[in-house]
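These notes concern the structure reproduced below.
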Amino acid sequence: MAAPASADKPSIDSIIRNRHSTRSFRPDPVPRTLLQECLLLAQRGAASNSNIQNWRLTLATGPARERIVKALVHASQTSIPLAHPLPAQFRHHRDNLVQQLYGAQGYDVMGEEKRDARQEARMKNYSFFGAPVVGVISMDEELKEVDALAVGLFIQNFILLLSARSLGSCLQVSVTSYPEVLRREFNLPDGRKILCGIAIGWPGEERINSVVSEREAIERQVEFLEE
Ligand SMILES: Cc1cc2nc3c(=O)[nH]c(=O)nc-3n(C[C@H](O)[C@H](O)[C@H](O)COP(=O)(O)O)c2cc1C
């Protein structure tokens, strides 16, 4: 049964407008019941190819979270990450974002000579920016891109629902640079394709959390054909 609309609930427009990635968290725990509520609703609203509901999310808190962060930070200090190179035509987006984000963290990061500052800022990914809930998003490795799309639908629902409850989140491809660490520490069964990491928690006050990332003109992304 549909929940009644309530005056104190934000509208879906304002939830979508206000969601943004969080990259600094308070250490306070997130009640499991709150996560559970968001997961159930996210699942309810997510479409998937043949209704296979192929999203898999492994979340860790407490000592499990500490162990995972320790292993990832260690890996990031002692081994070369798997690269996720962007095709040249998309790189300017990342450069703009890096400037916006890391500038907000007080790092002067642009220019070749600022490699160390960029590296220091990037390393915060491996501790999930201090989030008390850390996760890995995966799906069966036999599935295809179209099924990854369904995982995205579930995850978008989930992060919007978190945001509507004042919880922050950040999706993190960066942590997938160490797939074996994720597989081992998150105890992923064989046959899982790792898609992304996720950090969840109560946002900190830091300036980086108020960065509003840019968007292109929608006309560059969507076409209407009439003839
Ligand atoms: C699949 C995916 C992977 C991402 N990986 C990272 C990451 O590794 N580190 C990070 O700081 N942000 C990461 N992000 C967040 C994006 O940078 C962010 O969504 C984008 O800049 C738009 O900003 P917004 O989420 O604040 O609207 C990722 C987002 C997505 C969807």
Side-chain angles (χ1 to χ4, degrees), residues 12-25 42 46 54-58 68-69 72-73 75-76 81-87 90-107 109 117-131 133-139 145-164 166-179 181-182 186 192-204 206-218 220-221:
I12 188 161
D13 289 27
S14 75
I15 293 169
I16 290 175
R17 187 166 291 112
N18 292 327
R19 188 218 57 86
H20 58 269
S21 296
T22 298
R23 295 183 179 84
S24 167
F25 294 90
N54 52 291
W55 41 83
R56 298 290 178 267
L57 179 58
T58 312
I68 291 162
V69 166
L72 262 179
V73 168
S76 70
L82 266 185
H84 298 288
L86 279 183
F90 297 109
R91 278 186 212 146
H92 66 282
H93 289 296
R94 185 175 54 197
D95 291 346
N96 289 346
L97 180 68
V98 162
Q99 199 158 15
Q100 259 193 303
L101 284 182
Y102 296 162
Q105 276 181 304
Y107 291 98
V109 290
R118 276 202 296 274
Q119 173 68 0
E120 190 181 325
R122 200 179 304 124
M123 290 294 273
K124 296 186 178 181
N125 273 282
Y126 300 117
S127 54
F128 291 86
F129 305 109
V133 184
V134 305
V136 66
I137 301 158
S138 64
M139 69 177 196
E145 284 90 344
V146 73
D147 305 300
L149 179 63
V151 180
L153 298 178
F154 169 77
I155 293 296
Q156 178 72 359
N157 283 349
F158 183 48
I159 64 179
L160 287 173
L161 289 159
L162 293 172
S163 183
S166 303
L167 279 161
S169 66
C170 190
L171 293 168
Q172 291 185 262
V173 68
S174 45
V175 295
T176 67
S177 294
Y178 297 101
V181 176
L182 296 183
F186 279 97
R192 285 286 182 85
K193 192 195 315 258
I194 293 176
L195 295 174
C196 202
I198 185 168
I200 300 168
W202 305 106
E206 289 72 8
R207 206 149 61 89
I208 194 164
N209 283 343
S210 50
V211 167
V212 178
S213 58
E214 296 169 2
R215 294 294 185 267
E216 284 192 317
I218 195 78
R220 279 181 59 91
Q221 302 167 337

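Just so you know, ligand 1 is whichever comes first in the structure, and atom 1 is the first atom listed for that ligand. Remember, predicted model here, so these are calculated numbers, not experimental data.
- Between F186 and F128, the two ring planes are perpendicular [angle over 60°; tilted spans 30° to 60°].
- Considering every non-hydrogen atom in both A42 and N157, the closest pair reads O-ND2, 3.1 Å.
- Between atom CG of residue N125 and atom OG1 of residue T176 there is a gap of 10.0 Å, rounded to the nearest 0.5 Å.
- R192 and S138 are linked by a side-chain donor-acceptor pair at a separation below 3.5 angstrom, with hydrogens and angles left out of the test.
- Within the 3.5 Å criterion, the main-chain N or O of F129 finds no donor-acceptor partner in the side chain of R23.
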For ligand 1, what N or O to protein N or O distances fall under 3.5 Å?
unit_1   : atom_1 : unit_2 : atom_2 : d
ligand 1 : 5 (N)  : L171   : O      : 3.2
ligand 1 : 5 (N)  : V173   : N      : 2.9
ligand 1 : 8 (O)  : V173   : N      : 3.1
ligand 1 : 8 (O)  : S174   : N      : 2.9
ligand 1 : 8 (O)  : S174   : OG     : 2.7
ligand 1 : 9 (N)  : N125   : OD1    : 2.9
ligand 1 : 11 (O) : R23    : NE     : 2.7
ligand 1 : 12 (N) : R23    : NH2    : 3.1
ligand 1 : 14 (N) : L171   : O      : 3.1
ligand 1 : 17 (O) : R23    : NH2    : 3.1
ligand 1 : 19 (O) : S21    : OG     : 3.4
ligand 1 : 23 (O) : S213   : OG     : 2.9
ligand 1 : 25 (O) : R19    : NH1    : 3.2
ligand 1 : 25 (O) : R19    : NH2    : 3.1
ligand 1 : 25 (O) : S21    : N      : 3.4
ligand 1 : 25 (O) : S21    : OG     : 2.6
ligand 1 : 26 (O) : S21    : N      : 2.8
ligand 1 : 27 (O) : R19    : NH2    : 3.0
ligand 1 : 27 (O) : S213   : OG     : 3.4
ligand 1 : 27 (O) : R215   : NH2    : 2.8

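- A side-chain donor-acceptor contact under 3.5 Å links S213 and R215.
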